Amino acid sequence: MPVELVRPEWGLIVPELILLGTIALVLAGDLALPRRQHGVLTWVALAGLALSLLSNLTIDWAAGRSTFNGMFQADYFSLFINLVVGVAGILSVMIASAYVPGGDEPGDMPLPEYLALLLLSILGTMLVGAAGDLLMIFLGIEMGSIAVYALTGFARRRVTALEGALKYFLLGAFATAILIYGMAWTYGATGTTALADIAVRLRPVVTGSGGVEPSLLLALLLLAVGLGFKIAAVPFHMWTPDAYQGAPTPVSAYMSVVPKVAGFAAMARVLVEALGPLSDSWLTLIAVLALVTMVYGNVVAIAQRDVKRMLGYSSIGHTGYILVGLAAFSGLSPDDRSVGSMLFYLLSYAFMNIGAFGVVTWLQTRGLGVTLDDFRGLATRSPLAAIAMTIFMLSLMGMPPLVGFYAKYYVILAAVQADLIWLAVAVVLMSAVSAFFYLRVVAVMYFNEPSGEWKVQPTPLLGTGLALMALGTLMLGLLSGPVLDLAQKWVQAFGVA
Amino acid sequence: MANWIFLIPLAPLIAAVVNFIFGRWYLRDRAHWLAILGVAISFGVSVAVVAQVARDEVALSQHLYTWIPAGDFQVPVTLTVDQLTAVMLLVVTGVSLLVHIYSVGYMHGDPGFYRFFAYLPLFVFSMLMLVLANNYLLLFVFWEAVGLCSYLLIGFWYRRRSAAQAAKKAFVVNRVGDFGFGLGVMLIFVHLGTLEYTGVFAQVGALPQGTITAIALLLFTGAIGKSAQIPLFVWLPDAMEGPTPVSALIHAATMVTAGIFMVARSWPIFAASPDAMLVVAIIGAATAFVAATIGLTQYDIKKVVAYSTVSQLGYMAFALGSGAWVAAIFHLTTHAFFKALLFLGAGSVIHAMHDEQDMRRMGGLKRHLPLTYWTFLIGSAANAGIFPLAGFWSKDEVIVGAWVGGRPIVAIVGLVAALFTSLYMFRVVFLTFHGPERFDAHTVHPHESPPVMAVPLLILSVGAVFAGFLGVPPERGVFHRFLEPVFSGHGAEVHHVSTATTLTFGLISTAVALAGLGLAYAAYVRGAIKPAVVAARLGPLYQLAYRRWYFDEIYEALIVHPLYRLSVWLWRVVDIGIIDGAVNGVAGLVNFTAQRWRRVQTGLVANYALAIALGTVIIVGVYLIVGSTLFQ
Amino acid sequence: MSELTATHFLTLSAALFIIGMLGVLIRRNVLVIFMCIELMFNAVNVSFIGFAWEQHSLVGQTFALFIIAVAAAEAVVGLGIIMALSRRLDTVDIDQVHELRE
Amino acid sequence: MSAEVLVFDILGAIAVLAAAGVVLARNPVHSALALVVSFVNVAAIYVILRAEFLAAAQIIVYTGAILVLVLFVIMLVDPDNLPEFHGGRPVQRLLALILGLALLGEVMAAILTRTIVGQPGPWSPQAVAAVGGNTQALGRVLYSGYVLPIQVTAVLLLAATIGALVLARPDTPRVRALVRDTATISLAHPRGSEMANGVEPALPALAAGQLKLEAGERTLVMAKSGDDFLDQPVWGERHQS
């Protein structure tokens, strides 16, 4: 049986190739440079990420081409994921800069390995965003996850870090098994693993009948569960707070965003692109998951005093909000706002959440801990850090005109258009509930007297990162028009075709 | 050039952001380079853009992006340069550039040096966006932004209690005006469904008269706050707590004129409502007069100049209220030159006197500060309206505009105020630079300012001398021909001014200004008139002016105090008693749930895996029963 | 049941998968839990290859090959975490690892 | 019942029983051995499924590599911990069993009601034989349509390697001391006697002038217990006054 050998279009994977080159450079630098010069590698990583981000300009996304026999798709969706992940990566590296070398974490954290793992995880997420086949989704997610398992346990002299890593790893592998079992059933039910082909083969099966064949449903649900774990949807979320709390704070910042982006990208690719014809079956599931997730995450966050853990639960709550966007899916058409609102939310979430963890890092580099008490009187010690944290908290809460408000607004708009009024109401209610724990941080910073030792330490790159994120949180709302346009473009491409 | 407009606001913005981020650690006392470069680029591009506008007589615009694309309500961010904006662009970027250069000397050695050069370009950016906006929402956003910058800069020396108080006062008073402005913008949107200038102006005539008047008056409320008109002018003199270059740039030349600019920009709305025009004219005239009387009695050199600013803003306002649009903008332009000059000159004096601001402890500085003296004298003469300096031409035109616009009383009030203006300006000059040295020569050694401060003074004094000739001959000068396209159409009335009227008023103004000069000379140099005797003779009237017409006291008694009492009462009764009770109840319930639910998280991997498995089994089970063909 | 059909393989796969899952849920030794996860991966491979056999396509076999590779990669990292943790805690009992909770 | 089915039934039964053995065995080494048995049987079943290459890969990668790795780790961690910890968690076990049965029922429902969608693929047994067998056919597919996944897998293995190196590399002291000069201190003070009272042993101090230190240098005292020689040296630090 002859097999077509198709020449791959290398031009389409330039951002990924640049990132791979950066990883190689970082690893080479690890070997070539003496240990005290490893700080240079931070700049190498930043430059590589920036270059990779810029190289997106060289690709014609409008054409929506795919290469490597359909394994890789270069369309507006992968562009936006590249954008989110690239920005999140740059911000994460900036945050890690003050923490990893030296730092207060017990354990010497080797910077080159840290950066290499971070970049590998970013690369994996970009591949998920561009995946054209279940296999690529699987490999991309695994590449991201394996790197993050190791990052979680990076401070390996601290038992809690290893505990977080172990929990994340065992449950992650468990969920991966469920995910690939779902992929196997998808393959069994449709005879293919290519996303586009799956949709094509499903269309005649689904139309007209009152129910869906059990094997197809099993495939769909196992996939949903496996991906639900990656995005930390209730009840598959339980690793999240433990892993966030245990991991070194810059890693928590990173893993609260990028692996989640990978999960949502995979969800959009699988559920929307491949299993779109089955949307009647999964929409209710996603809507219910969204409700349960946001209620649980926001309510339990109230009971936390460890800020990292609180942010862990709050990130579960945000997963719920983003799922609302997905639940509003109405078919791949230009009118559909669901995927656009989801993508926009992910980008804004990157700014505000990495920012919040960044301020925690800022405190840690100054010798404080991670509980609410450590935030006491921050406003008098470092007014700028307090202002930044206030901006992030208010944005996470959804206060206009910060970007968090716009993100929620677009999600609610999508939900209302899809007649999911109850879900939209739930988002508003849960935002109100979330005010309890977000504002508590703000109140503690401004109205309490400082306690604990405070040692002054210059961390210019971390400070710049925080300033950038605060600025992004402030400005992205004002720029929401063009950004949302870009996020919408993927579904609009389907309207033209 | 249209494609380069975005550079005008962008260059100062980048400078501000970079200084803000890197200033503290890296740039420190080098922060000014970037700021000056940014504003210089902005100035250069502005000149090029304005040249094209002047040559082609068209408005240029550049669409940047659509801000809010939700459905019908779209807000485009478009930068537009028409003739009116062109004038403002040159004034703002030009004066900013000079003030930036001057500040290098003035702020030298200040610990907040980098912070100053981050705030100042930020202000320039906001102000430029304000004048470049093509719709009311953008205008409003940057209206607030310039207010914020002003607040930051007034309170620049925030450790000084009075500076922090002044900043707060400016913020609160402006908030009152902005509230009205915001309502006006909303009213426009509700009635016309658009916020873009062109759309609004085209449709405004169709609205009922009452609505137009309401919109116009609400918009003017914003101008009252920002441009320091009665009754909201109280913040501006206090704002002098900020560094002097800030007073020159923000509280004399640019930001305070935003209100005048906004009214001129909205002229079709105002022109359609005679009632609103009358209100504008009356408030303007009253401001011009009241502020001038206060200016006569103050001893703080910066305060006198500040009250003079309020008074001159009053002139601009009554010109607007009389339909003399071009005259108002003309006065705005010349005023920017001579008032910035006066402030920078005053700053130079204060600098030389080691932060002494009371004129009673100055005198005889002419010898020590020759350059400052001559430039300050030029500025004062221009402000007083001495022929043929800049202030003469523009003030004369404003008064003539009021006269022919059918407001003779306003014109006469303007003339009286002009007498006071001349008097208090020369009073400052004589008290400061002439007469005996009233300071302690052992501790204070006045010295001329460094070149970096002197050069801006010289450039500005050239402007103060010659800027008026843009408007010569009156009504037909270069300035008028340039601006006329903006203020035509929409049923504009054009008043024809006879040469006789122009000449008459020119002579009267000159006489008035010289009379003021003579009085000041008689009182403060020759000692022929004893100011103290005059003050005693006038008694209550003098006290009224000296106490600034009791505005602050009235506000304190009527507004601040009752509000404070109310808020305390609200806090005690409503907040603690009622709201807290309800909130605590709900919070308690939620917290109880949270405490219960957190127990689910046992920390045991086995339980977590069980939750995943349980979730899977339940979801699959439910779907197989409900959604599949299994039981059908 | 005279001929071999995909049902045979799928049943075997399901049995292996669920036994592996039970192991994860029941056992307390981290290493055994880890082995059970490998068992689940293996069960998925059986499904893939069974489907491939039924459909005359090699996609399933290829997928299974990649799963084996990924399983190896996971094993490396997972065993690394287990070793590091057992060095600190001196135990491989998963129930002793619960400092992070609530 | 054909011979094929019989062979499958036997192999499958052994695989399932061995898998059950993994879960039930008390000693993890026994679990590992049971896992080997299960994997080998599954490999044999791959041969029935005409996936000879995968059968080989299964044996080499799983049984060969991964399980040896597992056994190594079992040997490396403290042998005292190896037996399963008994007792406890009865509810968890019961629930797990119920869940397992329920999931089995659900999956079986899907298996038994499934219909085959679409056409059979191009790789019929004849087609596979035509290119020379399973390995050749798989090779063709892998190196044409699966170029990108192969590269990605390579990078993924790199990630795993770095991760494992970071986690499992031995601890190194954080401060690298540059030994410039050494001096010997008498350990006349027996260490054990103070420990008995719960008092931290005092580290012996240098005699004045015994060692010349420059600015920024510290003395690092490495002491061995006086009476019995421990395997590990006792580390301590004393700041130069």
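In this text the structure is predicted, and so the values were computed from the model without any measurement.
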Check the surroundings of atom CZ in D:Phe53: do more than 12 heavy atoms from other residues, nucleotides or ligands lie under 6.0 Å from it?
-> no

When you look at NE2 of B:His447, are more than 12 heavy atoms from neighbouring residues, nucleotides or ligands closer to it than 6.0 Å?
-> yes

Within residues 150-158 of chain D, the residues sitting under 4.5 Å from chain B by heavy atom, in sequence order, are none

Residues of residues 613-621 of chain B with a heavy atom under 4.5 Å from any heavy atom of chain D, in residue-number order, are B:Ala613, B:Leu614, B:Val617, B:Val620, B:Gly621

Does B:Ala606 offer a backbone N or O that forms a donor-acceptor pair with the side chain of D:Gln92 under 3.5 Å?
-> yes

